[in-house]
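Working notes for the structure below.
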Amino acid sequence: MRYLKFLIPFLFLLIFFTGCNKEEVIKYNLNIISPTFEEIYEQYSLEENETNKYVLKSANEYSTILSNEILSSLESLTICDDDISEENVQEIINLCKSKNISVFFMMNDINKDILNTYDKAFCISANYTYIGEAFAGYIKNIWQNEIKDRDDNKIFTFSVIKPEKLSIVQQTFYESLLKNIELLGIPLQQLDEIFLSNGDIINYCEENKKLNEAFFILDSSSLILFPNNYTPYSDGIEILGMDFASHNNYSEFPYIKICLINYKDYFETRNIVLKNIQNKIYPFENLEFDVIDKTIYIKPII
């Protein structure tokens, strides 16, 4: 017994030092960002730290990233991609569910039935059908006041320049936009709907600007060509488009009008939702945007 009084303090010290030497596992938030949103990746990857990591890769290539070892290290997974298949959404959700990891899908509308297969799967998106409708209403106003009717025929003549492959988001926005412009009673005449490489876009617009009252640019990587390379035909609005950005890069160019979707709203909203999940708060608190069927809808700036 007299040895026991020396042994007990020794055991406490041994347990204490063993616990101190055990390496603490820090779980992190992994963000997979599609090359479509390379600007987002470039900004956020500069802020990468031990709790937030970023990968530039299509969500459809998730299997090359999400090994069991990486999944075991994650607090959450965020997919920032505007063109992910439903099959891959379900497979990613199944992986996260098996490890009890919160998963967020950004920049795309995800099927609510698939989201509902896991209580920690969420979509942070925008209603692109509504955005097309809202932008059409805006175009009706500027057609009456800020777009020059060059041949005085009261018909809005335009061309559409689109990427080689329209994403799901671009297609939804585009179809809604054209449908609602027509529903609003603007007489339309579409001259062209074409894919052009970035090297040909400016030449095409320069050569055809006398025929077109406006050009719709559906790919933001093409939109950025205009400020430094295009000479407006008149003092009216000639270039229309949609852009994902942190601020309106075109506000100083009066001939360009865009529908802006602020991607910072997406990430800030994701962080708020994640904090609510961690604190087991539901319904979620401190959200600025509506939650419908596990989708948080970000509002655009038009």
Would D290 and K299 satisfy salt bridge (Lys or Arg N to Asp or Glu O under 4.0 Å), going step by step from the backbone distance to the final call?
-> CA-CA 9 Å; D290 294 332; K299 294 178 181 176; 5.2 Å; no
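In terms of modelled atom types and a separation under 3.5 Å, the side chain of E238 and the main chain of F215 share no donor-acceptor contact. N52 places no side-chain N or O within 3.5 Å of a backbone atom of E48 that could act as its donor or acceptor partner. Checked by atom type and distance alone, the side chain of N153 pairs as donor or acceptor with a backbone atom of I155 at under 3.5 Å. Distance alone, capped at 3.5 Å, places no donor-acceptor pair between the E75 side chain and the Y28 backbone. In this structure, S73 contributes its side chain and E69 its backbone to a donor-acceptor pair below 3.5 Å. Looking at N276, its side chain does come within 3.5 Å of a backbone N or O of I272 through a donor-acceptor pair. In terms of modelled atom types and a separation under 3.5 Å, the side chain of D243 and the main chain of A245 share no donor-acceptor contact. Panel note: side chain D200, backbone L196; no donor-acceptor pair is recorded below 3.5 Å. Not a single donor-acceptor pair under 3.5 Å links the side chain of S220 to the backbone N or O of L223.
Each of T78, D265, N29 was scored for a side-chain hydrogen bond (donor to acceptor under 3.5 Å, both in side chains) with R270, with one residue passing: T78. Just one residue in the list L66, I70, L74, L71 forms a side chain to side chain contact (heavy atoms under 4.5 Å, CB included) with K99, and that residue is L71. Each of F135, F158, F173 was compared with F216 under the ring-ring contact (aromatic ring centres under 6.0 Å, His included) criterion, and only F158 meets it. Residue Q90 is tested with T117, D113, N111 for a side-chain hydrogen bond (donor to acceptor under 3.5 Å, both in side chains); the sole match is T117.
Cation-pi contact between K294 and F122: present, with separation from the ring centre below 6.0 Å and deviation from the ring axis of at most 45°. A cation-pi arrangement is not found for K162 relative to F195, the charged atom failing to lie both closer than 6.0 Å to the ring centre and inside a 45° cone about the ring normal.
The OH atom of Y54 sits 4.5 Å away from atom CG of N31, with the distance rounded to the nearest 0.5 Å. Atom CD1 of I32 sits about 11.0 Å away from atom CG of L56, to the nearest 0.5 Å. Taking CG from N180 and CD from E133, the interatomic distance works out to 4.5 Å, rounded to the nearest 0.5 Å. If you take NZ on K120 and CD1 on I277, they are separated by 7.0 Å, rounding to the nearest 0.5 Å. With rounding to the nearest 0.5 Å, the separation of CD1 in I124 from CD in E268 is 11.0 Å. Expressed to the nearest 0.5 Å, how far NZ of K257 lies from CG of L240 amounts to 10.0 Å.
Put simply, the side chain of I79 does not reach to within 4.5 Å of the side chain of F104, judged on heavy atoms. Between V169 and M107, every side-chain heavy-atom pair lies at or beyond the 4.5 Å cut-off. In this structure, the side chains of V160 and I194 stay at 4.5 Å or more apart for every pair of heavy atoms. With a 4.5 Å cut-off on side-chain heavy atoms, I84 and I92 count as touching.
Between the side chains of T295 and D293, no donor-acceptor pair of N or O atoms lies under 3.5 Å. No hydrogens or angles considered: nothing links the side chains of Q170 and Y128 as a donor-acceptor pair under 3.5 Å.
A salt bridge links K165 to D83: one of the charged nitrogens lies within less than 4.0 Å of a carboxylate oxygen.
Ring centers of F284 and Y282: under 6.0 Å apart, within the cut-off. Checked against a 6.0 Å centroid threshold, the rings of Y255 and Y230 count as neighbours. Not less than 6.0 angstrom separates the ring centroid of F37 from the ring centroid of Y263. In summary, the aromatic rings of Y44 and F267 are positioned with their centroids under 6.0 Å apart.
For the residue pair I147 and I237, the shortest heavy atom distance occurs at CG1-O, 3.7 Å. Across all their heavy atoms, P227 and I224 have their closest contact at CD-O, 3.4 Å.
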